[in-house]
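In each ligand, atom 1 is the first atom listed, and ligand 1 is the first ligand listed.
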Amino acid sequence: MKSQTPAQTKKVLVVMGTRPEVIKLAPVIEALKDDQKGSPKIAGKTGKPRFQRVKTVICLTGQHREMVEPFLKIFGIKPDYNLRVMQPDQHLSELTGRVLAGMKKVLEAEKPDWLLVQGDTTSALAAALAAFYQRVKIGHVEAGLRTDDKYNPFPEEINRRLISHLADLHFAPTELARKNLLAEGIKPEKIFVTGNTVVDALRMILKKTAREKGNNRKMFGGPAAIVRIKEFRQEQPDRGEREAGEVARPVEGAEVEAGVRKRAVKFKENEQPCLPQADKLTVVTSRSQFKVKEVARADDSAPAASAVGSISAVSAISSAARTIYSRSVMTGCLPLEDIRKIKKLILVTAHRRESFGQGMEEICQAILRIVDRVQEAGVIFPVHLNPAVRRVVLKHLLGRPRIHLVEPLDYVTFVHLMKRASLILTDSGGIQEEAPSLGVPVVVMRETTERPEAIWAGVAWLAGTAADRITRLALRLLKKVEKEEFRRQLRRKNPFGDGRAGRRIALLLQNRKIGKI
Ligand code: UD1
Ligand code: UDP
């Protein structure tokens, strides 16, 4: 695919590979889209744009697959390229190689003026390196985060340092990030403090959910969107799964094409197969076999996927769900009613590579101890699809009372649960930045953090990964959070931004000035 661009238009190639990159680049894409439309904000008195227009091309590396798809949908992002690099249990070297090779072709075809990457993933580093090799200028969103510890987080600390030395423009989220860059010799005129785009993304979602609530629509995409995990199964992805990269939606009432006859599917409660995200599926029969021919969105905006099932429509669809959605067998959904009953909701996420092994085991032990000590507590843990995480988490926590292991959640559902939570236990970067806007205390299950601003703001506490310390901190915070005064303290101004970072970055890409934030 090669796109033509008028000479006076600047072309920006935005590259993203994982869940947080989609969330954090969505506001920038949105702001650039405004400019593409020639919005009045940039039009001069004559009606002609006063500044150079920007054309945005979006490339998905496909480092994440199922975990990214719902986010593209929520933010209305339609990628122009998808390199589909993900493989199960992927190794960093091979992943880097695949992204580097794929990006070479995209850069050759598009010849962009700028490449825009975010954060510190392998996708961001490999794309920046590929752009450097072709002498394409690089803009780095969320530049300057540092722990000064080479292996914490691994490999992100080194990824982001390398990107800083490849980049030509650095969009630092905070003053501290700017100082970190200056300390490494980055020229001050190349650094701009913009705020973190995650605050913009969070506001976009909160606005959307408020609107939907106003329209009397459900807060969740339907209770079926919270999919329970029953057991761990590691499967090699088949060709259909690899190529489709598609996730499915609750299919109650979907049309099943059985040979030439069509009929609506009705599921009993306990056999609801939970196919989040798609609304069209076609099942064809051959003798006693049912074959799921297609699982796709009704609006045809995503490619279809197929899978073979067996003896009944339900098992065929369930089997498609297994192949397409993840390597877990899903039996049912977590009803909203069960969530409402939880008095002290603890939301948990964990996925960092440096915690694999002992760290992840300790995190699980801590969760067991906390639930044991606090009877009103209930845990919702959307388990990352990395098999290295799933193996340990499912081994220790599956089937334990008041611990709900669920598939990764879409952003709307997850934000809703964050707001509803009494406490969050996480090793995520993005969640530390979102907590101050939501007023929820966060225990950071890592040895270091590159986001000390959340700790200084009194919303996050650094626990490390030892079970004892996580447990102690969590028990203390669960008590404190009952007090109104403490809850008021938590609802501070977000130190990571004011919700206008995306707009500032778009302006800077047009050589325009931004004021101080
Ligand atoms: C990656 C980033 C990390 C970021 C995180 C966000 C790197 C080195 N790591 O870590 O910085 O914080 O994303 O979540 O770039 N998988 C699936 N489906 C998916 C996604 C992942 O099956 O949609 C499984 C695959 O088996 C894959 C494995 O998870 O091989 C690991 O994915 P990978 O992107 O390498 O690492 P993350 O831990 O997700
Ligand atoms: N998130 C989500 N659903 C989930 C878990 C996380 O929408 O089930 C969101 C979360 O709100 C945050 C982002 O994903 O914005 C963080 O992703 P992750 O922890 O994978 O990456 P990190 O921020 O650590 O790089």
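- In terms of N/O distances under 3.5 Å, ligand 1 is approached by Glu66.
- Proximity of Pro153 to ligand 1, defined as any heavy-atom pair under 4.0 Å, is not found for any part of the residue.
- Side-chain contact, Thr18 with Gln63: no donor N or O sits under 3.5 Å from an acceptor N or O.
- Residue Leu92 places a heavy atom under 4.0 Å from ligand 1.
- For ligand 1, the atoms sitting less than 4.0 Å from at least one non-hydrogen atom of Thr122 are 7 (C), 8 (C), 15 (O), numbered in the order shown with element in parentheses.
- Here atom 10 (O) of ligand 1 lies nearest to Arg353 when heavy atoms of Arg353, Met86, Gln90 are compared.
- Between Asp200 and Arg504 there is no salt bridge, since no side-chain nitrogen of the basic residue lies less than 4.0 Å from a carboxylate oxygen of the acidic one.
- Note on Arg161 versus Glu157: salt bridge recorded, some NZ/NE/NH1/NH2 to OD/OE distance being below 4.0 Å.
- Listed by chain and number, residues touching ligand 2 at under 4.0 Å (heavy atoms only) are Arg19, Pro20, Ile23, Phe71, His351, Arg352, Pro382, Pro408, Leu409, Tyr411, Phe414, Met418, Ser428, Gly429, Gly430, Ile431, Glu434.
- Between Asp148 and Arg146, no side-chain nitrogen of the basic residue sits less than 4.0 Å from a carboxylate oxygen of the acidic one, so the salt-bridge criterion is not met.
- Listed by number with element, the atoms of ligand 1 under 4.0 Å from a non-hydrogen atom of Pro387 are 26 (O).
- Using a 4.0 Å cut-off between a side-chain N of Lys or Arg and a carboxylate O of Asp or Glu, Glu361 and Lys395 qualify as a salt bridge.
- Of the listed residues (His351, Glu94, Glu156), the one carrying the non-hydrogen atom nearest atom 9 (N) of ligand 1 is Glu156.
- Between Arg352 and the options Glu447, Arg446, His384, a side-chain contact (heavy atoms from CB on, under 4.5 Å) holds for only Arg446.
- Distances from ligand 1 to the non-hydrogen atoms of His384 include at least one value under 4.0 Å.
- Looking at Val14 and Cys59, their side chains never come closer than 4.5 Å, going by heavy atoms from C-beta outward.
- Considering both main-chain and side-chain atoms, Thr18 never comes within under 3.5 Å of ligand 1 through any nitrogen or oxygen pair.
- The closest heavy-atom contact to atom 28 (C) of ligand 1, among the options Val389, Thr121, Asn386, comes from Asn386.
- For ligand 1, the atoms lying closer than 4.0 Å to a non-hydrogen atom of Pro155 are 8 (C).
- Side-chain contact between Pro112 and Val57 is absent, with no heavy-atom pair separated by less than 4.5 Å.
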